[in-house]
*Asks:* 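Attaching a single structure in structure tokens format; questions to follow.
Quick caveat: nothing in here was measured; it's all calculated off a predicted structure.
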Amino acid sequence: MVSRIPSIACVGVIGQQNNPLHISLFPATPAKGPSSQRSPLEFSLLLSTSLDIFTARLPSKTDSLDFGLLQAVDERLAMYGWLTNTGIKFVIVVDMEGRAVGGSSGIDEGKGRGIAGIGLRDADLKPAFRALQTAYIALLRNPFYDPDWHTPSAADAERRVGSTQITSKSFIKEVQRIGENWTPGMGSL
């Protein structure tokens, strides 16, 4: 029998001016067929809906960067958010059906944890958010990366045509690593 654990479906990095800086999608469960393919447009729109939730909750936030569950999109997808002190927003969309784990015992043999529970605690995603923030800080420490170049207002002022998204290969590779390796209950990534 194959058990399932939640997995990351999408990671979004949203800039100070609510512009998408980076979006990574992770493959849907292959057993569900072609209708389960993840659409970049669908997740882009989902990430846009999270901006209203960040705005609504911001006045009540005092010291915590973790916004927790932003919204349950449907019975399968849930969005969680994290805000940096510089105004960059990280959004992780979790697929509750997630990935398959072999074995009939309901135990993830690689991690030694029970996976019978289907819900997530807000603390389950903190390691992923911390790893994303660490990757973003490493990107900012790169002397060749200019965060102001990625704002829509700077692109308009310079009459620059093209994407304002992050193109750093090391940042994209780190986000992919985080999305592929995260499992509920991890202590760190």
Side-chain angles (χ1 to χ4, degrees), residues 5-26 28 38-98 117-140 145 147-148 150-156 163-166 171-172 174-189:
I5 59 171
S7 67
I8 293 178
C10 174
V11 173
V13 180
I14 302 170
Q16 293 173 336
Q17 297 178 352
N18 295 334
N19 57 310
L21 295 177
H22 178 76
I23 299 173
S24 284
L25 301 180
F26 299 93
R38 303 200 191 286
S39 163
L41 179 60
E42 174 188 4
F43 281 97
S44 180
L45 294 173
L46 283 175
L47 292 174
S48 294
T49 64
S50 73
L51 298 176
D52 293 333
I53 300 166
F54 275 105
T55 304
R57 289 190 190 170
L58 195 57
S60 65
K61 294 303 266 183
T62 55
D63 59 349
S64 176
L65 301 174
D66 185 9
F67 274 63
L69 177 66
L70 297 176
Q71 67 178 341
V73 178
D74 56 23
E75 66 278 352
R76 185 173 178 172
L77 298 176
M79 296 174 62
Y80 294 83
W82 182 278
L83 179 69
T84 68
N85 58 357
T86 58
I88 302 298
K89 300 161 195 78
F90 298 121
V91 179
I92 295 178
V93 180
V94 176
D95 183 348
M96 293 303 188
E97 291 183 15
I118 200 159
L120 282 181
R121 297 171 295 150
D122 287 345
D124 287 336
L125 281 161
K126 281 189 180 183
F129 281 122
R130 284 189 191 113
L132 278 172
Q133 188 168 11
T134 301
Y136 188 72
I137 290 169
L139 176 68
L140 291 177
Y145 177 78
D148 294 332
H150 296 280
T151 61
S153 59
D156 291 343
S163 175
T164 58
Q165 296 214 352
I166 296 170
F171 178 78
I172 293 169
E174 183 63 12
V175 171
Q176 288 291 326
R177 184 191 70 78
I178 293 165
E180 291 168 356
N181 293 328
W182 176 84
T183 57
M186 291 185 87
S188 65
L189 270 169

*Asks:* Supply the atom-to-atom distance Y145 OH to L139 CG, rounded to the nearest 0.5 angstrom.
*Replies:* 5.0 Å

*Asks:* Give a yes or no on whether the backbone of P127 and the side-chain of W182 come within a donor-acceptor separation of less than 3.5 Å.
*Replies:* no

*Asks:* Indicate yes or no: at least one non-hydrogen side-chain atom of P40 is less than 4.5 angstrom from one of I23.
*Replies:* no

*Asks:* Is there a side chain to side chain contact (heavy atoms under 4.5 Å, CB included) between L132 and V11 once you walk through the steps?
*Replies:* CA-CA 9 Å; L132 278 172; V11 173; 3.7 Å; yes

*Asks:* Return the OG to CD1 distance between S48 and I14, rounded to the nearest 0.5 Å.
*Replies:* 7.0 Å

*Asks:* Which heavy atom of F171 sits nearest to which heavy atom of V13, and what is that distance?
*Replies:* CZ-CG2, 4.0 Å

*Asks:* Heavy atoms only: give me the nearest L25-C10 pair and the separation to one decimal.
*Replies:* CD2-SG, 3.7 Å

*Asks:* Quick check: do Q165 and L21 have side-chain heavy atoms less than 4.5 Å from each other?
*Replies:* no

*Asks:* Show the nearest heavy-atom pair for residues S50 and V91, with the distance to one decimal.
*Replies:* OG-CG2, 3.6 Å

*Asks:* Measure across Q71 and L46 and return the closest heavy-atom pair with its distance rounded to 0.1 Å.
*Replies:* NE2-O, 4.4 Å

*Asks:* Could you pull out the closest heavy-atom pair between M96 and E75, with the gap in Å?
*Replies:* CB-O, 4.4 Å

*Asks:* Kindly determine whether D95 and L77 satisfy side chain to side chain contact (heavy atoms under 4.5 Å, CB included), including the steps that lead there.
*Replies:* CA-CA 5 Å; D95 183 348; L77 298 176; 4.1 Å; yes

*Asks:* Roughly how far, to the nearest 0.5 Å, is CG of D66 from CG of L125?
*Replies:* 8.5 Å

*Asks:* If the plane angle is over 60° it's perpendicular, under 30° parallel, otherwise tilted; pick one for F129 and W82.
*Replies:* parallel

*Asks:* Before you tell me yes or no, could you show the steps for E174 and T134 under side chain to side chain contact (heavy atoms under 4.5 Å, CB included), namely the whole-Å CA-CA distance, both residues' side-chain angles and the distance that decides it to 0.1 Å?
*Replies:* CA-CA 10 Å; E174 183 63 12; T134 301; over 6 Å; no

*Asks:* If you round to the nearest 0.5 Å, how far is CD1 of I88 from CG of L65?
*Replies:* 12.5 Å

*Asks:* Can you tell me how far apart CE (M79) and CZ (F67) are? Round to the nearest 0.5 Å.
*Replies:* 13.0 Å

*Asks:* Please determine which of L70, V93, L120 meets the side chain to side chain contact (heavy atoms under 4.5 Å, CB included) test together with Y80.
*Replies:* L120

*Asks:* If you compare all heavy atoms of T84 against all heavy atoms of Q133, which two are closest, and at what distance to 0.1 Å?
*Replies:* CG2-NE2, 4.0 Å

*Asks:* Decide yes or no on side chain to side chain contact (heavy atoms under 4.5 Å, CB included) for L140 and T86, but give the supporting numbers first.
*Replies:* CA-CA 12 Å; L140 291 177; T86 58; 5.6 Å; no

*Asks:* Taking the side chain as every heavy atom from C-beta outward, state whether V73 and T49 have any pair of such atoms under 4.5 Å apart.
*Replies:* no

